[in-house]
Protein chains: 2
Amino acid sequence: MNMKRVIETINEAYPISSETEQALKDSVTECHFPKRYQLIKAGAYSKCAYFIEEGMTRSFWLVNGEEITTSFSYEGGIVFSMDELYYNKVSEEFVETLEDVVAYRISVERLLELFRTNIELANWGRIIHQNEYRRLHRSHKERLTLSAGDRYEAFKQQFPQVCQRAQLGYIASYLGITLSTLSRLRGAKK
Amino acid sequence: MNMKRVIETINEAYPISSETEQALKDSVTECHFPKRYQLIKAGAYSKCAYFIEEGMTRSFWLVNGEEITTSFSYEGGIVFSMDELYYNKVSEEFVETLEDVVAYRISVERLLELFRTNIELANWGRIIHQNEYRRLHRSHKERLTLSAGDRYEAFKQQFPQVCQRAQLGYIASYLGITLSTLSRLRGAKK
DNA sequence: GATAAATTTTGACATAGGTCAAATGCCGTG
DNA sequence: CACGGCATTTGACCTATGTCAAAATTTATC
């Protein structure tokens, strides 16, 4: 099993020992998904989290018939349903692949067990939540202080890969603006 | 030392043993702050986190001369500078008391050591970050899908105590609307 | 309990970004 | 290499919320 990028990314967040690495490897199953596949469906228990080795996904809500993208994940990232992992509730969020994806699946149950029993992974879990929290915090600040155009610029800076690999509509809804507005902003830009 | 509400709140997030409780108690110092005291100043290392036993605080950014409230904390909560705790950087966030406050101070260094060595606290740390992440996630969703008025209603529902104890301007900036707009909304409400 | 200071309400007007619909461009499939 | 379907751009118009400033109300101070 070649979890190269996943392990690399975990070690960047919180270095883990080779035993922990092995425990993790023993807990996952490799899986492959085509482009546009619904990895996690709202209203259904998936009971799994996925470490992404290759490809990109987006998470989104469906609110009043509209899709609102809440995050993009790619090589080294992890996706799961917050509602399931945190609160043992049915997911309200969808995750779909934007490209062909190679991922490692772990059951939510096993992941929680690892958190409870392995202090390295408990700390890794804490750190990735810190990081995500900070990303949201930052985007919250940007939303309150920057114009739509400046937010797009900031997004391009922060997530250049996503900008290239995801289509406009998804980025617009992530930024909380309309597809037409975003398109206009790009047009206005010299 | 009576850390009643703090300990209660920790146990709600992730139950800890009495040994862990004692380790925590041995690591903190009780302190008292008057109303309107700057607990954490931007641009200065405070090197401390505070468990709040009594009273309320708000955290905010100062952007272009404007204060943007990012969160309120009260009995049982913990406040700290994300930049210091996570990234060993000088804080960009202020925290000030809105009431007289009784808190328990712990050095950031000691808190991180506890995370590294005590699996219960590592998991507690993970859980509170999950919860905060979820709060932000939710407010992000509300900002994208609800009108200013509906967001205020949602806020009242979710944080009734804060609504009563914090002044309008702080709530307005938390919700990302103007003081005048919020005041109008309240007026319009039958 | 009067005066000052802070907070909240209200008014008149401005504007960023939304809405809806049409037009154009692009790219994979047969 | 042409067709069909997405994806993007553009146009005309609209509305929720912002801005700035003054008035009213509440709260704190002596």
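Naming: A, B, ... by sequence-line order, numbering from 1 per chain. Values below: all heavy atoms of this structure, side chains included; hydrogens, waters and symmetry mates excluded.
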Please lay out, stage by stage, how Tyr170(A) and Phe60(A) fare under the test ring-ring contact (aromatic ring centres under 6.0 Å, His included).
CA-CA 9 Å; Tyr170(A) 300 152; Phe60(A) 62 100; 7.7 Å; no

Run the side-chain hydrogen bond (donor to acceptor under 3.5 Å, both in side chains) test on Thr20(A) and Glu120(A) for me, step by step, so that the C-alpha distance in whole Å, both residues' side-chain angles and the decisive distance to 0.1 Å come before the verdict.
CA-CA 7 Å; Thr20(A) 296; Glu120(A) 287 176 3; 2.6 Å; yes

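The distance from atom CD of Gln164(B) to atom C1' of dT27(D) is 18 Å, rounded to the nearest whole Å. If you take CG of Asp100(B) and P of dA28(D), they are 12 Å apart, rounded to a whole angstrom.
Salt-bridge formation is detected for the pair Arg110(A)/Glu113(A): a Lys NZ or Arg NE/NH1/NH2 atom is positioned less than 4.0 Å from an Asp or Glu carboxylate oxygen. Between Glu84(B) and Lys89(B) there is no salt bridge, since no side-chain N of the basic residue sits under 4.0 Å from a carboxylate O of the acidic one.
The one candidate from Trp124(B), Tyr14(B), Phe115(B), Tyr86(B) that meets the ring-ring contact (aromatic ring centres under 6.0 Å, His included) condition with His129(B) is Tyr86(B).
Using modelled atom types and a 3.5 Å distance limit, the side chains of Asn123(A) and Arg126(A) yield a donor-acceptor pair. Judged by distance alone, the side chains of Glu93(B) and Thr70(B) do bring a donor and an acceptor atom under 3.5 Å apart. A donor atom on one side chain and an acceptor atom on the other are found under 3.5 Å apart for Tyr87(B) and Asn131(A).
Remark: the backbone N or O of Thr69(A) is paired with a side-chain donor or acceptor of Ser173(A) at under 3.5 angstrom.
Listed by residue number, there are no residues of residues 167-175 of chain B with a heavy-atom contact under 4.0 Å to DNA chain D.
Scanning DNA chain C 5' to 3' for nucleotides with an atom closer than 4.0 angstrom to a non-hydrogen atom of chain A gives a first and last hit of dG17(C) to dC20(C).
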Heteroatom pairs (N/O) under 3.5 angstrom, protein to nucleotides 11-19 of chain D:
{"unit_1": "dG11(D)", "atom_1": "N7", "unit_2": "Arg184(A)", "atom_2": "NH1", "d": "2.8"}
{"unit_1": "dG11(D)", "atom_1": "O6", "unit_2": "Arg184(A)", "atom_2": "NH2", "d": "2.9"}
{"unit_1": "dT17(D)", "atom_1": "OP1", "unit_2": "Ala148(B)", "atom_2": "N", "d": "3.0"}
{"unit_1": "dG18(D)", "atom_1": "OP2", "unit_2": "Thr178(B)", "atom_2": "N", "d": "3.2"}
{"unit_1": "dG18(D)", "atom_1": "OP2", "unit_2": "Thr178(B)", "atom_2": "OG1", "d": "3.3"}
{"unit_1": "dG18(D)", "atom_1": "OP2", "unit_2": "Thr181(B)", "atom_2": "OG1", "d": "2.7"}
{"unit_1": "dG18(D)", "atom_1": "O5'", "unit_2": "Thr178(B)", "atom_2": "OG1", "d": "3.3"}
{"unit_1": "dT19(D)", "atom_1": "O4", "unit_2": "Arg184(B)", "atom_2": "NH2", "d": "3.1"}

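Aromatic pair Phe33(A)/Tyr50(A): ring centres closer than 6.0 Å.
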